Amino acid sequence: MYIIEMRNITKEFPGIIANDDITLQLKRNEIHALLGENGAGKSTLMSVLFGLYKPEKGRIFKNDEEVNITGPGDANLLGIGMVHQHFKLVHNFTVLENIVLGVETTKSGILQMKEAREKVLALSKRYGFDIDIDKEVRHISVGMQQRVEILKMLYRDNEILIFDEPTAVLTPQEIEALMKTMKNMAAEGKSILFITHKLDEIMQVADRCSVLRKGRMIGTVDVASTSKEELSEMMVGRKVALSLDKEEARVGETILKVRNLCQQGTKYGSGKNKLKDISFDVKAGEILCIAGIEGNGQTDLVYALTGLEGIDSGEIFMEGNSITKAKIRQRTESGIAHIPEDRHKHGLVLNYSLAYNTILQTYYTSAFQKNGFLRRPTIMEHAKNLINRFDIRSGQGEETITRSMSGGNQQKIILAREIDRDPKLLIAVQPTRGLDVGAIEYIHKQLLAQRDSGKAVLLISLELEEVMNVSDRILVMYEGEIVADVDPKQVTFQELGLYMSGAKRDEVVVV
């Protein structure tokens, strides 16, 4: 008997069948991974189970009894909880207020929080969540926000837990802690559905794995008897290179030169870590990676380079010309392209069409406007070309509203837009965050193609495998400083981790 069985689920959206006759079975006390490319239908299927979408066809059973889930309220009553990829929290509420929101206890119209506080503190201690429940959510880290979402499910005594891309925004240390928490919850009787793109995580914690491709169920396998290579081939329908095959870099002239950059925290970044006397060069024909645990100044540095935030002292040069005081458009026109860390906040206008998102930095040029009016036919044709060149998948082509697209295809829009401008320097910040192995392989090849065509690439990444696999040179940031300049061929994962944690540092000399 299965605790949850979804039989023959079909869910359609305009121009696309997101779930095509899918059957999924969850055993009691198991961790069941759901794997697939971006846009394969994983989140849609889980949204059907949680009551966010109503399927056109199919039935849902709990413990062999058919249930009718018309909304998240019904799901919660059935013991089903969900942690969404983009957290559903009220940022100016406290942690405790967010956890009890929707299931509050009141007396004469007044909130009764004593019992709730005791229960939340007990749950937090039981699962090793070191969290201040009186802090407002806007003042806690992304990893802590995820713990709040997990506590919301545990507070409601949910026995079926859905995690949608739970590690997409976490540091390596937070990921390790989450994996341990999931194992503990399964051991205590919870049943977990776990959407992920990361094969290592599936191999580490999942009992079984179901693979979706283009809205259809490809199959379910026991994780113990399969391999990452087999899972990736099931997912994309072909063999995927899990490591990047690249030639030695042919390094040219200095493109970006940064000298003695100092900053007292940013408006948009963490504000916690300052930039302390940052100096480095990025040369044509190389991929320079800045590694570090999130919140150690990488975001502040990118905002300083791209003009999103000012600096207190220091200088920035592009091809020998100072852009220290240049505005954002001037920096863009000097040859800087930027794949931002948060594609929703800084990369796209989600309510615009795919086509209009491809011209956000070039709409004012003669190619796309005449006498102040946008040249719509030209813009549409331009978008069609990028769709074909970069394999961007969408239900309604260039007219598709960007908000409705999968994360991987949203990322491809940004990549296409930035590379199409033929930049001299590509700043790529977490370019593969939340993407599947096929999309990761594609983006890594695009970064390598930029390098091999003589462009300079500045990669900022939290993913140690990506750092080691893609970069030609690695700088490590810790608390706003560069503490190491190392060769990926000569440094180990363990040594890199020591630099990132601040346990080791080198005297860094800029050449």
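Model, not experiment: these values are computed from the prediction.
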Shortest non-hydrogen separation from Ala383 to Thr358 and the atoms involved:
CB-OG1, 4.3 Å

Would you say Arg138 has more than 12 foreign heavy atoms packed within less than 6.0 Å of its CZ?
yes

Main-chain N/O of Glu479 paired to Asn296 side chain as donor or acceptor, under 3.5 Å
yes

Can a salt bridge be assigned to the pair Asp200 and Lys228 using a cut-off of 4.0 Å between side-chain N and carboxylate O?
yes

A side-chain contact here means heavy atoms from C-beta on lying under 4.5 Å apart; do Cys209 and Thr226 qualify?
no

Stepwise, does the side chain to side chain contact (heavy atoms under 4.5 Å, CB included) test hold for Glu319 with Ile255?
CA-CA 5 Å; Glu319 296 188 301; Ile255 301 296; 4.1 Å; yes

Tell me whether Asn98 contacts the main-chain N or O of Leu89 through its side chain, where contact means a donor paired with an acceptor under 3.5 Å.
no

Please find the pair of heavy atoms, one from Leu261 and one from Ala304, that lie closest to each other, and give the distance.
CD2-CB, 4.1 Å

Which atoms form the tightest heavy-atom contact between Gly285 and Ala249, and what is the distance?
O-CB, 3.4 Å

Begin from the C-alpha positions of Arg147 and Asp130 and carry the test salt bridge (charged side-chain N to carboxylate O under 4.0 Å, His left out) through to its verdict.
CA-CA 9 Å; Arg147 292 181 179 187; Asp130 182 19; over 6 Å; no

Hey, could you give me the CG/CG distance between Asp485 and Leu475, rounded to the nearest 0.5 Å?
5.0 Å

When rounded to the nearest 0.5 Å, the distance separating CG of Asp281 from OG1 of Thr254 is 4.5 Å

With rounding to the nearest 0.5 Å, note down the distance linking CG in Leu360 to OG1 in Thr332.
11.0 Å

Check whether Lys42 reaches the backbone of Thr196 with its side chain - one donor and one acceptor, N or O, closer than 3.5 Å.
no

Find out whether Leu24 and His32 are in side-chain contact, i.e. whether some heavy atom of one side chain is under 4.5 Å from a heavy atom of the other.
yes

Note: Leu178 and Pro166 closest approach over all heavy atoms is CD2-CB, 3.6 Å

Can you tell if the side chain of Val470 reaches within under 4.5 Å of the side chain of Cys289, non-hydrogen atoms only?
no

Quick one, Asp420 and His382 - any side-chain contact, counting heavy atoms below 4.5 Å?
yes

Looking at residues at least two apart in the chain, or sitting in another chain, which of them share a ring-ring contact (aromatic ring centres under 6.0 Å, His included) with His344?
His86

Looking only at heavy atoms, the pair that brings Ala456 and Val282 closest together is CB-CG1, 3.8 Å

Gap between atom CD of Gln204 and atom NZ of Lys180 - 0.5 Å precision
12.0 Å

Looking at Met468 and Ile474, what are the two nearest heavy atoms and their distance?
SD-CD1, 4.1 Å

Taking the side chain as everything from C-beta on, heavy atoms only, tell me whether Met46 gets closer than 4.5 Å to Asp164.
no

Could you tell me whether Asp472 and Lys246 have a side-chain N and a carboxylate O separated by less than 4.0 Å?
yes

Just how far is it from atom OG1 of Thr44 to atom CG of Leu212, taken to the nearest 0.5 Å?
9.5 Å

Which one of Lys11, Arg216, Lys214 satisfies the side-chain hydrogen bond (donor to acceptor under 3.5 Å, both in side chains) criterion with Asp20?
Arg216

Report yes or no: does Arg331 contribute a side-chain atom to a donor-acceptor pair with the main-chain N or O of Leu305 at less than 3.5 Å?
yes

Sub-4.5 Å side-chain heavy-atom contact between Gln410 and Asn357:
no

Going from CD1 on Ile192 to CZ on Phe163, what distance comes out if it is rounded to the nearest 0.5 angstrom?
5.5 Å

Sub-4.5 Å side-chain heavy-atom contact between Leu34 and Leu193
no

Polar side-chain atom of Thr362 near backbone of Thr365 as donor-acceptor pair, under 3.5 Å:
no

Would you sort out whether Val429 and Thr299 count as a side chain to side chain contact (heavy atoms under 4.5 Å, CB included), showing the intermediate values?
CA-CA 9 Å; Val429 190; Thr299 297; 5.9 Å; no

Could you tell me whether a side-chain N or O of Glu12 sits under 3.5 Å from a main-chain N or O of Ile17, the two making a donor and an acceptor?
no

Are any of the side-chain heavy atoms of Asn409 and Ser394 separated by less than 4.5 Å?
no

Determine whether a donor-acceptor pair (N or O, by modelled atom type, separation under 3.5 Å) exists between the side chain of Glu253 and the backbone of Ala284.
no

Does any pair with a residue in residues 487-497 pass salt bridge (Lys or Arg N to Asp or Glu O under 4.0 Å), and if so which ones, sequence neighbours excluded?
Glu248-Lys489, Asp487-Lys489, Glu495-Lys504

Applied to residues 393-418, the salt bridge (Lys or Arg N to Asp or Glu O under 4.0 Å) test, sequence neighbours excluded, yields Glu37-Arg393, Arg376-Glu399, Lys384-Glu398, Asp391-Arg393, Asp391-Lys412, Glu418-Arg421

Backbone of Gly41 reached by a side-chain donor or acceptor of Asn19 within 3.5 Å
yes

Between Lys183 and Val205 (side chain of the first, backbone of the second, donor and acceptor by atom type, cut-off under 3.5 Å), is there such a pair?
no

Heavy-atom count around Tyr53 OH within 6.0 Å, excluding the residue itself: above 12?
no

Given Thr432, which partner from the list Glu441, Gln411, Glu466 fulfils the side-chain hydrogen bond (donor to acceptor under 3.5 Å, both in side chains) test?
Glu466

Between Leu199 and Leu35, does a side chain to side chain contact (heavy atoms under 4.5 Å, CB included) hold up when you go through it step by step?
CA-CA 9 Å; Leu199 300 172; Leu35 179 67; 3.7 Å; yes

Would you check if the side chain of Thr402 reaches a backbone N or O of Tyr352 as a donor-acceptor pair within less than 3.5 Å?
yes

Can a cation-pi geometry be assigned to Arg473 and Phe280, taking NZ or CZ under 6.0 Å from the six-membered ring centre and within 45° of the ring axis?
no

For the pair Ile379 and Tyr363, evaluate side chain to side chain contact (heavy atoms under 4.5 Å, CB included) and give the outcome as yes or no after the intermediate values.
CA-CA 9 Å; Ile379 293 168; Tyr363 67 89; over 6 Å; no

